[in-house]
Engineer: 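Sharing a structure with you now.
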Amino acid sequence: MKMNREEALGYVRPALKNSRYEHTVRVTDKAVELAERFQVDVKKAELAAAFHDYAKYKPLELMERWIKSDRRLPKDLLDYHHELWHGPVGALMLEQEVGLMDAEVISAISCHTTGKKHMSNLDKVVFLADYIEPGRDFPGVDQVRKKAEDDLDEACALALKNTIIFLIGKERTVYPDTFHAYNDLI
Ligand code: DGI
Ligand code: FE
Ligand code: FE
């Protein structure tokens with residue numbers, strides 16, 4: 001796991017659309033800023049953020065095969081929206097492809113969409129950076145940005161609350177880990 005920022009971004013770039021790559025660069029910058037603020041390992045935050053959406057455009061059938069065949073991946077992912085798959089599947093793909101062995105980085109990539117119970121501060125930094133990067137513009141994001149200036153847990157709790165309310169408003173399912181993450185922080 002000896003990759004720097006440029007190597008990691010260079011690795012993910014061909015796997016992403018341009019706009020998604022630009023989002024990834026902004027998440028990486030934001031994750032570094034948050035890691036410095038909240039005393040999280042900056043290099044790990046940078047690497048996890050650079051890689052976080054790596055599997056975003058992988059074919060659904062490929063991701064489905066990974067979920068079915070790797071026993072570390074929860075099978076219930078298949079019962080929920082495929083939008084949730086790219087984190088957990090991407091983390092394990094990267095582990096295999098680039099020998100990204102660091103368990104903390106794998107965890108942060110894995111739970112960046114849904115959160116989970118007992119998130120580490122590294123998990124929270126990547127989750128939050130993805131939510132508040134400057135290109136994001138959804139209702140309530142400025143309030144989360146304000147909280148992120150001084151309280152990592154409160155900022156994550158608010159982001160999770162917004163996501164849960166948004167999903168329920170659209171009558172979409174909410175993955176249980178999202179509730180676990182929320183309950184844990186409240
Ligand atoms: O990959 P990004 O677009 O950068 O962001 P993301 O990984 O946070 O994915 C966001 C999408 O995932 C957004 O459309 C909302 C959706 N989402 C997040 N949590 C849940 C969820 N969808 C469902 N069904 N259930 C969840 O718990
Ligand atoms: Fe994502
Ligand atoms: Fe993202």
Side-chain angles (χ1 to χ4, degrees), residues 5 8-9 11-13 15-35 45-60 62-64 66-67 73-94 100 105-117 119 122-141 144-145 148 155-186:
R5 175 194 164 100
L9 288 172
Y11 190 86
V12 302
R13 184 167 201 161
L16 302 176
K17 295 180 183 166
N18 250 317
S19 58
R20 177 64 44 181
Y21 177 73
E22 284 157 18
H23 158 74
T24 295
V25 174
R26 293 191 298 268
V27 175
T28 305
D29 291 339
K30 185 55 75 175
V32 166
E33 178 191 318
L34 293 172
E46 186 173 62
L47 204 57
F51 282 133
H52 83 285
D53 276 339
Y54 172 65
K56 190 83 177 176
Y57 303 108
K58 298 292 177 191
L60 290 183
L62 176 66
M63 289 198 281
E64 196 178 325
W66 271 77
I67 295 167
L73 291 168
K75 303 308 152 219
D76 70 351
L77 282 169
L78 296 169
D79 303 331
Y80 290 85
H81 200 275
H82 55 71
E83 187 63 42
L84 306 183
W85 299 353
H86 69 281
V89 173
L92 297 190
M93 285 177 166
L94 286 160
L100 186 68
V105 173
I106 297 284
S107 168
I109 297 168
S110 189
C111 74
H112 84 264
T113 304
T114 60
K116 65 177 177 185
K117 192 180 286 191
M119 290 170 83
L122 177 64
D123 294 334
K124 291 172 195 167
V125 157
V126 175
F127 173 83
L128 190 58
D130 190 28
Y131 192 88
I132 66 172
E133 63 92 346
R136 297 292 205 194
D137 178 25
F138 32 66
V141 70
V144 180
R145 288 187 178 118
C156 287
L158 186 56
L160 287 158
K161 171 184 162 183
N162 290 349
T163 299
I164 290 167
I165 290 172
F166 167 81
L167 291 168
I168 290 175
K170 299 227 167 233
E171 294 181 8
R172 287 170 60 185
T173 55
V174 182
Y175 191 62
D177 277 0
T178 304
F179 288 121
H180 290 313
Y182 173 79
N183 289 341
D184 216 23
L185 291 172
I186 227 64

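We count residues from 1, following the sequence as given. Ligands are counted one by one from 1 in listed order, and the atoms in each one are counted from 1 as well.
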Engineer: Does R13 come within less than 4.0 Å of E22, counting only side-chain N to carboxylate O?
Structural biologist: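 Salt bridge flag = no for E22 with R13.
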
Engineer: Provide the closest heavy-atom pair for F166 versus R172 in the form atom of the first, atom of the second, distance.
Structural biologist: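 So the two residues come closest at CE2-NH1, 3.9 Å.
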
Engineer: Among all protein heavy atoms in this structure, tell me which lies nearest to atom 24 (N) of ligand 1, with the distance rounded to 0.1 Å.
Structural biologist: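 For atom 24 (N) of ligand 1, the nearest protein heavy atom is T173 O, 3.0 Å.
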
Engineer: Does the side chain of H112 reach to within under 4.5 Å of the side chain of V27, using non-hydrogen atoms?
Structural biologist: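 Not in contact.
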
Engineer: If you compare all heavy atoms of V174 against all heavy atoms of Y80, which two are closest, and at what distance to 0.1 Å?
Structural biologist: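 Taking every non-hydrogen atom into account, O-CE2, 3.7 Å.
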
Engineer: Do any N/O/S atoms of E133 come under 2.8 Å of the Fe ion (ligand 3)?
Structural biologist: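 Under 2.8 Å: E133 has no N, O or S contact with the Fe ion (ligand 3).
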
Engineer: Is any N or O atom of T114, backbone or side chain, closer than 3.5 Å to an N or O atom of ligand 1?
Structural biologist: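 No.
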
Engineer: Run the numbers for me: atoms of ligand 1, each under 4.0 Å from some heavy atom of H86, listed by number.
Structural biologist: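 Result: 1 (O), 7 (O).
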
Engineer: Under 4.0 Å from a heavy atom of D130: which atoms of ligand 1 are those, numbered in the order shown and with their elements?
Structural biologist: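 Within the 4.0 Å cut-off of D130, ligand 1 contributes 4 (O), 5 (O), 6 (P), 7 (O), 8 (O).
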
Engineer: Give the atoms of ligand 1, by number and element, whose distance to some non-hydrogen atom of T113 is under 4.0 Å.
Structural biologist: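 What qualifies from ligand 1 is 6 (P), 7 (O), 8 (O), 9 (O), 12 (O), 18 (C), 19 (N).
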
Engineer: For the residue pair H52 and H23, establish whether any side-chain heavy-atom pair is separated by less than 4.5 Å.
Structural biologist: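 Side-chain contact under 4.5 Å: yes.
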
Engineer: In H23, what N, O or S atom is nearest to the Fe ion (ligand 3), if we give its atom name?
Structural biologist: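 Among the N, O or S atoms of H23, the one closest to the Fe ion (ligand 3) is NE2.
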
Engineer: Any non-hydrogen side-chain atom of Y54 less than 4.5 Å from a side-chain atom of L16?
Structural biologist: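 No, their side chains stay 4.5 Å or more apart.
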
Engineer: List the closest protein heavy-atom neighbour of atom 17 (N) of ligand 1: residue, atom name, distance to the nearest 0.1 Å.
Structural biologist: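 Protein heavy atom with the smallest distance to atom 17 (N) of ligand 1: L84 CD2, 3.8 Å.
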
Engineer: Starting from atom 26 (C) of ligand 1, which protein heavy atom do you reach first, and at what distance in Å?
Structural biologist: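 The closest one turns out to be L167 CD1, 3.3 Å.
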
Engineer: Calculate, to the nearest 0.5 Å, the distance between atoms CD and CD belonging to E46 and E33 respectively.
Structural biologist: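 Going from CD on E46 over to CD on E33, the span is 13.0 Å.
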
Engineer: Consider side-chain contact (heavy atoms from CB on, under 4.5 Å). Of T113, V105, I106, which one does I109 pass it with?
Structural biologist: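 Only match with I109 under side-chain contact (heavy atoms from CB on, under 4.5 Å): V105.
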
Engineer: Compare all side-chain heavy atoms of D177 with those of C111 and state whether any distance is below 4.5 angstrom.
Structural biologist: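 The answer is no, as the side chains (C-beta and beyond) never meet within the 4.5 Å cut-off.
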
Engineer: Numbering the atoms of ligand 1 from 1, which are under 4.0 Å from a heavy atom of Y175?
Structural biologist: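 Close to Y175: 25 (N), 26 (C), 27 (O).
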
Engineer: Check D53 and report its N/O/S atom nearest to the Fe ion (ligand 3), by atom name.
Structural biologist: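 The nearest such atom is OD2.
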
Engineer: Within a distance under 4.0 Å of any heavy atom of T178, pick out the atoms of ligand 1 and give their elements.
Structural biologist: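 Taking each heavy atom of T178 in turn, ligand 1 has 26 (C), 27 (O) under 4.0 Å.
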
Engineer: For atom 2 (P) of ligand 1, which of E83, H52, R20 has the closest heavy atom?
Structural biologist: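 It is R20 that holds the nearest heavy atom.
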
Engineer: Where the Fe ion (ligand 3) is the centre, what is the NE2-to-OD1 angle for H52 and D130, rounded to 10°?
Structural biologist: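 Value, to the nearest 10 degrees: 90°.
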
Engineer: Is the shortest side-chain heavy-atom distance between L60 and W85 below 4.5 Å?
Structural biologist: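 Touching, per the 4.5 Å side-chain cut-off.
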
Engineer: At the 4.0 Å heavy-atom cut-off, does K170 count as touching ligand 1?
Structural biologist: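 Per 4.0 Å heavy-atom rule, K170 does not contact ligand 1.
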
Engineer: Would you mind checking if K116 and D184 are paired as a salt bridge, meaning a charged N to carboxylate O distance below 4.0 Å?
Structural biologist: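 Salt bridge between D184 and K116, a charged N being under 4.0 Å from a carboxylate O: no.
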
Engineer: With a 4.5 Å heavy-atom cut-off, do F127 and D123 have their side chains touching?
Structural biologist: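 They are not in contact (no side-chain heavy atoms under 4.5 Å apart), so the answer is no.
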
Engineer: Quick one: look at D177 and ligand 1, take heavy-atom pairs under 4.0 Å, and tell me if it's side chain, backbone, both or neither.
Structural biologist: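 The answer is neither.
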
Engineer: Check this for me, if you would: do D53 and K17 make a salt bridge, where the nitrogen-to-carboxylate-oxygen distance has to be below 4.0 angstrom?
Structural biologist: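 No, no charged N to carboxylate O under 4.0 Å.
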
Engineer: State, yes or no, whether a side-chain contact exists between M63 and H82 at a heavy-atom distance under 4.5 Å.
Structural biologist: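 Sidechains of H82 and M63: no contact.
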
Engineer: Can you name the N, O or S atom of H112 that is closest to the Fe ion (ligand 2)?
Structural biologist: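 Nearest N/O/S atom: NE2.
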
Engineer: Looking only at protein heavy atoms, which one is nearest to atom 16 (C) of ligand 1, and what is the separation?
Structural biologist: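 Looking only at protein heavy atoms, the one closest to atom 16 (C) of ligand 1 is R172 NH2, 4.0 Å.
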
Engineer: Might you check, step by step, whether the distance between atom 13 (C) of ligand 1 and some protein heavy atom is under 4.0 Å?
Structural biologist: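 Flag for atom 13 (C) of ligand 1 set to false, no protein heavy atom closer than 4.0 Å.
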
Engineer: Can you name the N/O/S atom of H86 that is nearest the Fe ion (ligand 2)?
Structural biologist: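 The Fe ion (ligand 2) is closest to the H86 atom NE2, counting only N, O or S.
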
Engineer: Which option wins on minimum heavy-atom distance to atom 5 (O) of ligand 1: R136, E133, H23?
Structural biologist: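 Ranked by closest heavy atom to atom 5 (O) of ligand 1, first place is R136.
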
Engineer: Find all atoms of ligand 1 within a distance of less than 4.0 Å from any non-hydrogen atom belonging to H112, and give their numbers and elements.
Structural biologist: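 Under 4.0 Å from H112, ligand 1 has these atoms: 7 (O).
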
Engineer: In terms of atom number and element, which parts of ligand 1 are under 4.0 angstrom from non-hydrogen atoms of K56?
Structural biologist: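 It comes down to these atoms of ligand 1: 1 (O), 2 (P), 3 (O).
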
